[in-house]
J.: 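Here's a structure for you.
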Protein chains: 2
Amino acid sequence: MSDAALTISDRIQRKLDDLTRAERQLAHSILENYPASGLGPLSALARDANVSVPTVARMVQKLGFKGYPEFQAELREELRAKVKNPIAKHDTWADGAPSGHMLNRFTDAVIDNIRHTLGQIDPDAFDAACALVADQERRLCIVGGRITHVLAEYLFLHMQVIRPNVTHIQSTSNAWPHYLLDTKDSDVFVIFDMRRYENNTLKLAQMAQEQGAKIVLFTDQWRSPVHQIADISFSGRIVVPSAWDSLGTTLLLVETMISSVQNLNWHDTKARMEELEGMFDQTKLFRKFT
Amino acid sequence: MSDAALTISDRIQRKLDDLTRAERQLAHSILENYPASGLGPLSALARDANVSVPTVARMVQKLGFKGYPEFQAELREELRAKVKNPIAKHDTWADGAPSGHMLNRFTDAVIDNIRHTLGQIDPDAFDAACALVADQERRLCIVGGRITHVLAEYLFLHMQVIRPNVTHIQSTSNAWPHYLLDTKDSDVFVIFDMRRYENNTLKLAQMAQEQGAKIVLFTDQWRSPVHQIADISFSGRIVVPSAWDSLGTTLLLVETMISSVQNLNWHDTKARMEELEGMFDQTKLFRKFT
DNA sequence: AGAATTGTGAAAAATTTATCACAAACGAAC
DNA sequence: GTTCGTTTGTGATAAATTTTTCACAATTCT
């Protein structure tokens, strides 16, 4: 295929693997706000990408242009063509795929779920829930069901770093009654229950509530029966073009909660995280992040 | 309304009637290929509009800019904002919360991640990956790391229903070498590896590849080293306003893959699902869905 | 330790912008 | 049709900015 048919974006992406660190940094910066960032002065591009001016100059030539102005001229030409061409209109998410492609249909649905869910959420309730979860005086129990235990686990993994005194309970396990033995009325239960709602989860929630624990519930738009006894509950839309439901929206809420709780506890978290980093370094489990 | 909220295009159109001949000519030329023409050199704009250089300079100042570069900077800023928000109108997602609330900031970031990722994905590669995963002749191994194992588990839970012959391996476990003993060259490995990339995962991938297995990789925008040996890899953007990364985009891809694979295997899946339903009913694990 | 990559600082070259004075062109009014 | 005021273009120039390119030092990776 001739270069003429390829956008600069395509060309950069194709070369991405052959690039060195600084070049890749630059490439990402160009793609980040494509094509706007490439249309400013060279020095601004270098600054945004945190690379030096010569690096940009060298890269532009590697891409086959005589100089930066020529590079910009082609970017403008692309932009001209794209705006002119109604087909290039962004009504699909994955450019190369037809709008009926599963990638586009699914993404539409998920975005729609997010919009609906966020539109109905009560920010004060959310803040209150975050405060509960962040409170290190309280024991934190995270409960998930057959599918939702992955969300529970995800939340647990992060909370474990952010604060002490966290437990992950799987309602499908039959060991959970033990955990409830020493529930105090200051405890907080974060419970995930989406359809099909699980009897075990409901029973667990009831027992926790009887012992005075606070209950924060993540459920779907039809609401788990747990919501009647929950102190705070969030319902995420989960409908997608699939035989299954989507956890996307709920994951978004969970991640936001993690971030908020992190901020609330930053003082303690920082020390804990550094400690953890050190332990990971020692085990050499991870590669150095470059 | 303050000028800040108006695009340059709006401002020009509003003034259109008060302009003189040469100025109007220029204005139309700017709007003709908006905003591309305004992003080139001043002299080129003058030439395209068939007006003189001073006319352009004067006009730009009439529009309230200190000079042409400032004019261009604002055009670029508009472009940046526009590309970022194809769905925009929503300046906040959670209506009740200020735009600076974590809920809104986080959602913005996730949507942005999705848009970026989908924009760069190769639908053919995606389809190919789905076909591999759907192929029941091949054994399917799903591998996750310390955090990503929740995604692996999630994919596993669904694949388990959709098709036989699925295994979930946790790279952090030290039991995984056993699983590789009888790897055949028809096997498919779906591997999740996000920063910080895990050495265990890389080793596992290498061994799998040496034995001829196909490798499908889900990673982040900086790409796990596994991507060099992967047959197909997908990089999702994961940046969010948090000390942690977001799995949102990758979850979207995984769920889409589940749905696609489900469709490919619908004939068999149907029977398997009904069977499973029956088993769940017997265990009374779930409440009847109303 | 050596090779490759990247940054620094500077200077020169090239381009672009901003302005000027003045003349030409134009349009409206008389 | 002439006149006057406005608008526009010309050509030139100064100023500002940007691009391009060095050599060399610092850094990173192998």
Side-chain angles (χ1 to χ4, degrees), chain A residues 8 12 15-30 35-76 281 284 286-290, chain B residues 8 12 15-30 35-76 195-197 199 202 206 222-225 227-229:
Chain A
I8 290 181
I12 292 176
K15 283 202 171 188
L16 219 49
D17 289 332
D18 306 331
L19 298 178
T20 55
R21 194 257 316 153
E23 287 173 335
R24 195 160 38 242
Q25 225 170 293
L26 173 60
H28 275 123
S29 182
I30 295 173
S37 13
L39 290 168
L42 184 151
S43 49
L45 182 56
R47 179 167 34 77
D48 289 351
N50 274 315
V51 299
S52 66
V53 166
T55 300
V56 179
R58 289 190 277 249
M59 170 98 171
V60 165
Q61 300 191 349
K62 261 195 191 171
L63 286 172
F65 298 97
K66 256 193 74 183
Y68 191 69
E70 193 179 305
F71 167 79
Q72 287 190 314
E74 186 154 332
L75 276 183
R76 279 197 302 274
D281 278 353
K284 301 209 171 143
F286 297 109
R287 297 173 65 86
K288 268 249 179 72
F289 172 60
T290 50
Chain B
I8 290 181
I12 292 177
K15 286 200 174 189
L16 217 49
D17 291 333
D18 306 332
L19 300 177
T20 56
R21 196 258 314 153
E23 286 173 337
R24 195 158 40 241
Q25 226 171 292
L26 172 59
H28 277 124
S29 183
I30 294 174
S37 14
L39 291 166
L42 184 150
S43 51
L45 183 54
R47 180 168 33 78
D48 289 351
N50 275 315
V51 299
S52 67
V53 167
T55 299
V56 179
R58 288 189 276 250
M59 170 97 169
V60 164
Q61 299 190 351
K62 262 194 192 170
L63 286 172
F65 298 98
K66 254 193 74 185
Y68 192 68
E70 193 180 303
F71 168 79
Q72 288 190 313
E74 186 154 332
L75 275 183
R76 279 197 302 275
R195 74 172 181 188
R196 315 167 40 152
Y197 313 117
N199 283 324
L202 179 57
Q206 278 162 344
W222 300 283
R223 297 187 184 181
S224 145
H227 100 269
Q228 286 165 345
I229 58 174

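Just so it is clear, the model here is predicted, and its values are computed rather than measured. Heavy atoms only: backbone and side chains are in, while hydrogens, waters and symmetry mates are out. All chains are named by letter (A, B, ...) in the order of the sequence lines, taking the proteins before the strands, and each is independently numbered beginning at 1.
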J.: Can you give me the closest heavy-atom contact between A:Val56 and A:Ala46, atom names plus distance?
T.: CG2-CB, 3.6 Å
J.: Could I get the full list of side chain to side chain donor-acceptor pair (under 3.5 Å) partners for A:Ser52, not counting sequence neighbours?
T.: A:Thr55
J.: Can you name the side chain to side chain donor-acceptor pair (under 3.5 Å) partners of A:Thr20, sequence neighbours left out?
T.: A:Glu23
J.: What string of B, S and - do you get for nucleotides 15-23 of chain D, 5' to 3', if B is base contact, S is sugar-phosphate-only contact and - is no contact with any protein heavy atom under 4.0 Å?
T.: ---SSBSB-
J.: Return the value, rounded to whole Å, for the distance between atom CZ of A:Arg24 and atom P of C:dT6.
T.: 9 Å
J.: May I have the distance from B:Gln25 (atom CD) to D:dT7 (atom P), rounded to whole angstrom?
T.: 16 Å
J.: Within this structure, what is the CZ-to-P distance between B:Arg47 and D:dT10, rounded to whole angstrom?
T.: 14 Å
J.: Starting at CZ of A:Arg21 and ending at P of C:dT5, how long is that distance when rounded to a whole Å?
T.: 12 Å
J.: Identify, with sequence neighbours excluded, every residue that meets ring-ring contact (aromatic ring centres under 6.0 Å, His included) alongside B:Phe71.
T.: B:Phe65, B:Tyr68
J.: If the condition is side chain to side chain donor-acceptor pair (under 3.5 Å), which residues does B:Gln25 pass it with, not counting sequence neighbours?
T.: B:Arg21
J.: Have a look at the helix from C:dA1-D:dT30 to C:dC30-D:dG1 and give the angle its two end axes make, five pairs each, rounded to 10 degrees.
T.: 50°
J.: Kindly write out the residues that satisfy side-chain contact (heavy atoms from CB on, under 4.5 Å) with A:Ala27, not counting sequence neighbours, or none if the list is empty.
T.: A:Ile12, A:Leu16, A:Leu19, A:Met59
J.: Closer than 4.0 Å, any side-chain N/O of A:Thr20 to the OP1 or OP2 of C:dT6?
T.: yes
J.: What pairs of residues pass the side chain to side chain donor-acceptor pair (under 3.5 Å) test when at least one of them lies in residues 39-48 of chain A, not counting sequence neighbours?
T.: none
J.: For C:dT5, does OP1 or OP2 lie under 4.0 Å from any side-chain N or O of A:Thr55?
T.: no
J.: Distance check needed: D:dT8 C1' versus B:Glu23 CD, whole Å only.
T.: 10 Å
J.: Excluding sequence neighbours, so at least two apart, what forms side chain to side chain donor-acceptor pair (under 3.5 Å) with A:Asp17?
T.: B:Arg223, B:His227
